[in-house]
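Here the structure is a predicted model, which is why all the values come from computation and not from measurement. In what follows, chains are A, B, ... by sequence order, proteins preceding strands, each numbered from 1.
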Amino acid sequence: MDAERIFEIELELLVEAIYQRYQYDFRQYSRHSLRRRLARAQEQFQCRSLSQLQERLLREPALFPRLLDYLTVPTTELFRDPAYFLALRRHVVPYLRTYPSVKIWVAGCSTGEEAYSLAIVLAEEGLLDKTVLYATDINPRSIETARQGIYRADAVREASGNYRAAGGRGSLADYYSAAYDSVRFDPALARNVVFADHSLATDAVFAEVHLVSCRNVLIYFDRSLQDRAFSLFHDALVRQGFLGLGAKETVLLSDHKDQFEVISQDARIFRKR
Amino acid sequence: MNYPNPSHRDPQPAWWLLAIIAGFECAVFALDLLTPAGAAAHILYFLPIVFAVRQSWPNAVLYIAALASVFAIFTHLNAPAGSSTFIAVFNRGIGIFTIWCVAFLVRQVIVTRNDIERQGWLRGTQTELGVAVRGELSVEEFAERALGFLAERLGAKVGALYVREDDGNRLVRAAGYAFDARQSAMPASYRFGEGLVGQVAIEGRPMQVDDVPAGYLSISSGLGAARPCCLLLAPLTAEGEIRGIVELGFLGAAPAVAGPLLLKVSEMLGMGIQTAQYQRRLAELLAESQQQAEELQAQQEELSALNEELEQQNRALKESQVRLENQQAELEQSNQRLEEQTRSLERQKRELLQAQHELQNKTGELERASRYKSEFLANMSHELRTPLNSALILSKLLAENRPGNLTEEQIKYAETIYTAGNDLLTLINDVLDLAKVEAGRLEVSPEPFALTQLLGALEQTFQPLARDKGLSFQVVVDADIPSEVTSDRKRLEQVLKNFLANAFKFTEKGHITLRAYRDGERLALSVEDTGIGIPDEQQEAVFEPFHQGDGSISRRFGGTGLGLSISRELAQLLGGEISVQSTPGEGSTFTLFLPLTPSERVPAPVRAEAELVDETAGADVAPTSTAAVSFSFEDDREQAGTPGRRILIVEDDEAFAKILLDLAREMGFQGLVAPTAEEAQALIVRHAPSAIVLDIRLPDHSGLALLEQLKSDPASRHIPVHVVSVEDFAATARRMGAVGYMLKPVKRDALVQAFEALQQRLEQTLKRVLVVEDDPAQRESIVSLIAGEDVQIESVASAEEALERLSSNVYDCMVMDLSLPAMSGYELLAELSKTDSPYSYPPVIVYTGRDLSREEEERLRRYSSSIIVKGARSPERLLSEVTLFLHRVETELPPERQKMLRELRSREEVLEGARLLLVDDDVRNLFALTSALEPHGAIIEIARNGREALLKLDTAPDIDLVLMDIMMPEMNGYEAMRAIRAQERFRKLPIIALTAKAMRDDQDSCLEAGASDYLAKPIELDRLLSLLRVWLSSRRSF
Ligand SMILES: C[S@@+](CC[C@H](N)C(=O)[O-])C[C@H]1O[C@@H](n2cnc3c(N)ncnc32)[C@H](O)[C@@H]1O
């Protein structure tokens, strides 16, 4: 049996082991991505094989948070894909305005940049005060970062171009205070943000929301898990609620294609029928 | 829409029309027969022929023409002679000819018309088929619809449609019509050239099979199966390429239109199949490219994650480089410092070595000196005493002045020399004694002797001195002092003498008392004086060698100051100790304590120490050793059981366990002995003892823990437990349900009493309840509520009466009001829970008519776990509490009371009137929960987040339970729960957390934050209701 096949077997066993030991469910994640991430983790933890990694994981709970950082790719940035935020302003915000109070779910918020971007958009649109944002993720360390709202200054400065491209009305610097080489977002932005641990793979709907923004999370899932996520979103959304996805994601090729209509194909914004 | 039957499209004779035409023809024939020749009646033969144009069978015209010809010829031959034969023949000839011409013409018309009609039908059908298969269909859906349409239109009874897969030469069945299991067993695919289907695919032409081979398609219905008579297979093509084959089976012959129709739609269906296949492929490609796009995106993200990681590492590296540089600089600095330090260290080391060396020398010197001292002392004893002896004897002689030649003055000198010499001797003896004690060379030899004798001797010795000094001296001996004690008489005397000597030395006026009395298990010998006393800070110092209360004192009173040091050492050797109590200016009392039983002398201090350690550690800390304890004697566990007469003794001290066992046997019990809590539990399960005597300190568990377990398990709750221990946990144990409590050491009488109480308890099958209530009406109603055949209720109106009953009786339960005349309920409870209270202390139910303040409630909880405030529902609650304490099985209750209890427990009851605070920001949830809970009588308060919840709890403090969502704005559920729990008054408020998380850890975080319980979303109403029941009921019975 060749090494690759063995690696695959080990991979399956490992994700099962993680599930049993820590109840984090990676069993339905895209195999390609998992393979790469685990290979990297194996290398970083200096394990001879995934089996060895598995043994250590089972016995050393302290190792798991570190592995989680490899398994959950935390890549994100402020106003990532500015067109998305622009489209939100154009197509979604006017509808949100019609509700007496608004709820938004940012699923897979990673370290919080997306949530803060949304909060800024809402603040500029005068909606922030009546909005509750749920920002959820499975990586507790990411959530903690998000909760603190402290980011590297250079990364935030780089985002001001995106901010303007997203229709920003002022200056991004209005929303944070800088110290040394870090910036801290105005806590007022996060006053109505609920950062919480929630897994699209195992957990249930927790609230009724008007907009779900789940970007660049589904790309790590296989088809059936994507479908699970879509049905969560469908259940969570009010009728005529909005679903925003990442630049390379779509609901149209899933089993739920008939339950959503396209609002903006380019910005990947859909609406529950 | 009603589809015309396809058979109409076939040229079938319309028989009725033909019959009319034939009739008409016969009429013409008759007319022709009757009319004379020459009359051109046969012209009329045209009419039926022309008429035949109405029907659609082309050849019918020819048959009619033939008949007309036959008729015409026949009538001609039989015609009466008339016109010229030639003309007639000619006429008829022309007529017949014309008939045939017309007939052919008419036939042509019919054929053409039929053709047009068929073409029209074919076209129409094709259009309809087009409509039927319109839309974005999958290949299967397309095949299904097309086949269904064709079979229905052509009247086929069975059919299948095969589709060519991906330009290969396989045909796969994509749809079946009236297919049944047998046919599904047939191959679902054919290669080109394989079977009829494959054959048609190769030939590219329709094929009709009239002799259907066996084992081929068959028609089946509920009535049976038949082989079709005729099979029609036709290719479906697109741009000349085979895309599929349709196969239809008919019961009779295939309709003629079938072939043409299939030919006609072949291209359309072929194209349709191709399109569907293209579409499918397209969708697949789309999905694939979507997946690839996602995969690419994922890869990109991973890459940037990797990048980020690397950057971070880079940053960390840079940082650590900077740090390293700093450290380097620091290191260099500290290096210098280190060098300096090293140097100074070396210096110090040298000095140290030197000092050590010196020390060694000194030690040597000291040792030598000590040896010299010992030698010196030993020598001195001899060298000093010998001359001193002579000095004493001689000075004494001198002082007696026998020859009478000395002056008063000289006699005095001689006496002074004698006293001084005596003092010197005492000093020398003391110094020697101390040296011996310190060297451990002093030995004690205990033996029994009469204490009074010793005391008498002392009295005699010191009485004269007292008289001399004008002091009163008394020896007092208590009555309970044993006449004989065992100790080292000489040493004892030495100590007492020292006490007395001191007392006389330091007392100028007043009295001195030597007293012997009993102090628990010890003998106390005290010397009390009214002398100058010793200040507090010096009381310890007086025991130091060469020390006296005050430097000046020694000068005034003389003495060596060694006496007390020696006394203390001696007391220790005798197994006792010395204590001093003194007030400066008023006097001192020195007391020597000695053990009464000298055998305990050695272990005594050790044990005292051990107990001290344990007591500070608290009740729950059991000695760590859990080594199996087993006793040398056997208990009664192997004997056949006498139900109700088994006592379990839980005690790890073998001697005491044996005493208890013997006593139990003596009193007619069977005794089981368990040295550990674990074994006790095993024995309880196996032997079901009827009573338990429990030691609190056990090697494995604390006995209190065992008691708690016993009392919380319904199976063992009823077993009376009597607690015996050295520790004082009486109140706790009583509250936990112990029937009695004794402190070690226990007298035999007390033990007997305890066993008697247990026995009484066991023999008492009637349950006894004491009701303490001053209001007669209330008392009556309580009594009638809990009355039953097996319950004996005694009621009293005051706390005093209650105490009186409790002093002589054991009750299973006491129901009491708080406000009683004279002694209040609180005082009654306080009295009962005293450690040495002479009263039995049954479980108490407080049944009060007034609301209790928080403090009152807290105070009460110490005595009673069930407090009932009178109200609409209180009688049921009282009954259920009493039942609990009486351990009555529910079915033994009188029926109507059973019903009362059941109603009390009925499920909705708990929710009735319960105030629930619902904390959730989700309107949908709020609505759902409110509408689910309100019908059960719950009163719902709502808060939208943690902060509001806290406010609500402040403004509506009588909330019974909180349902707490976790994910909320402003203040989330965890924070809210922590804030609630931080308030003392909400410590026990049940909080059920609601969360969407499915992880087990999450449950823990909820509980950690203060949730009483946990429910996962989406909420199942049944689970929620049962949780509510649990938590609401537990709250009410608190
Ligand atoms: C690449 S980040 C996307 C961040 C952000 N949404 C954006 O587009 O900038 C993907 C995030 O999804 C999270 N994630 C992965 N599996 C998840 C799951 N089952 N449920 C919720 N979040 C998940 C990961 O922890 C990670 O933070």
Side-chain angles (χ1 to χ4, degrees), chain A residues 22-25 30 32-33 36-37 40 44 69-70 72-77 101 103 105 131-134 136 138 140 152 155 181 191-199 201-209 216 218-223 226 232 235-236 238 246-250 252-254, chain B residues 283-309 311-313 315 319 920-928 944-946 965-975 994-1003 1005 1016-1019:
Chain A
Y22 300 102
Q23 291 88 50
Y24 276 79
D25 193 351
S30 146
H32 296 284
S33 173
R36 286 188 300 267
R37 302 308 294 165
R40 170 110 184 112
Q44 289 292 304
D69 285 345
Y70 286 99
T72 63
V73 180
T75 307
T76 183
E77 61 190 61
S101 72
K103 284 202 220 160
W105 176 13
T131 304
V132 172
L133 266 158
Y134 297 95
T136 64
I138 53 166
R152 275 194 302 111
D181 42 8
R191 207 181 51 226
N192 285 347
V193 184
V194 180
F195 291 103
D197 183 333
H198 182 279
S199 169
T202 52
D203 300 336
V205 168
F206 52 85
E208 185 174 49
V209 300
N216 306 304
L218 302 180
I219 48 174
Y220 297 99
F221 294 179
D222 73 5
R223 264 298 294 274
Q226 286 180 356
L232 277 187
D235 289 348
V238 299
K248 293 284 157 12
E249 295 160 333
T250 181
L252 294 183
L253 291 173
S254 76
Chain B
E284 280 167 6
L285 285 174
L286 257 177
E288 216 169 284
S289 76
Q290 171 66 23
Q291 225 158 26
Q292 276 167 7
E294 289 179 4
E295 164 71 10
L296 223 88
Q297 179 78 0
Q299 277 190 30
Q300 248 173 39
E301 293 209 333
E302 284 166 32
L303 261 178
S304 46
L306 209 70
N307 226 6
E308 176 69 18
E309 226 175 276
E311 261 177 46
Q312 215 161 342
Q313 281 172 5
R315 275 197 297 274
E319 259 172 51
D920 198 326
D921 65 324
D922 194 44
V923 193
R924 196 165 51 168
N925 264 341
L926 286 177
F927 176 73
R944 298 302 193 81
N945 59 46
D965 187 27
I966 295 300
M967 284 162 72
M968 287 179 303
E970 282 203 62
M971 183 189 253
N972 70 28
Y974 296 128
E975 292 163 354
L994 310 172
T995 125
K997 293 289 305 165
M999 268 192 294
R1000 261 178 265 154
D1001 286 359
D1002 199 51
Q1003 183 167 2
S1005 346
K1017 286 186 178 183
I1019 292 169

Salt-bridge contact A:Arg36-B:Glu295 (side-chain N to carboxylate O under 4.0 Å): yes
Contact origin within B:Gln292 toward chain A - heavy atom pairs under 4.5 Å: neither
Pair B:Arg315 + B:Glu308: basic N to acidic O under 4.0 Å: yes
Atom group of A:Asn216 that falls short of 4.5 Å from chain B, counting heavy atoms: both
Residue part contacting chain B, namely of A:Tyr70, when any heavy atom lies under 4.5 Å: side chain
Beyond-backbone contact of A:His32 with B:Gln299, side-chain heavy atoms, under 4.5 angstrom: no
Proximal component of B:Asn945, with respect to chain A [non-hydrogen, under 4.5 Å]: neither
Which residues share a side chain to side chain donor-acceptor pair (under 3.5 Å) with A:Ser33, sequence neighbours left out: B:Glu302
Counterpart residues, side chain to side chain donor-acceptor pair (under 3.5 Å), relative to A:Thr76 (two or more places apart): none
Which atoms of A:Glu77 approach chain B - backbone, side chain, both or neither, heavy atom under 4.5 Å: neither
Heavy-atom proximity to chain A below 4.5 Å, by part of B:Leu306: side chain
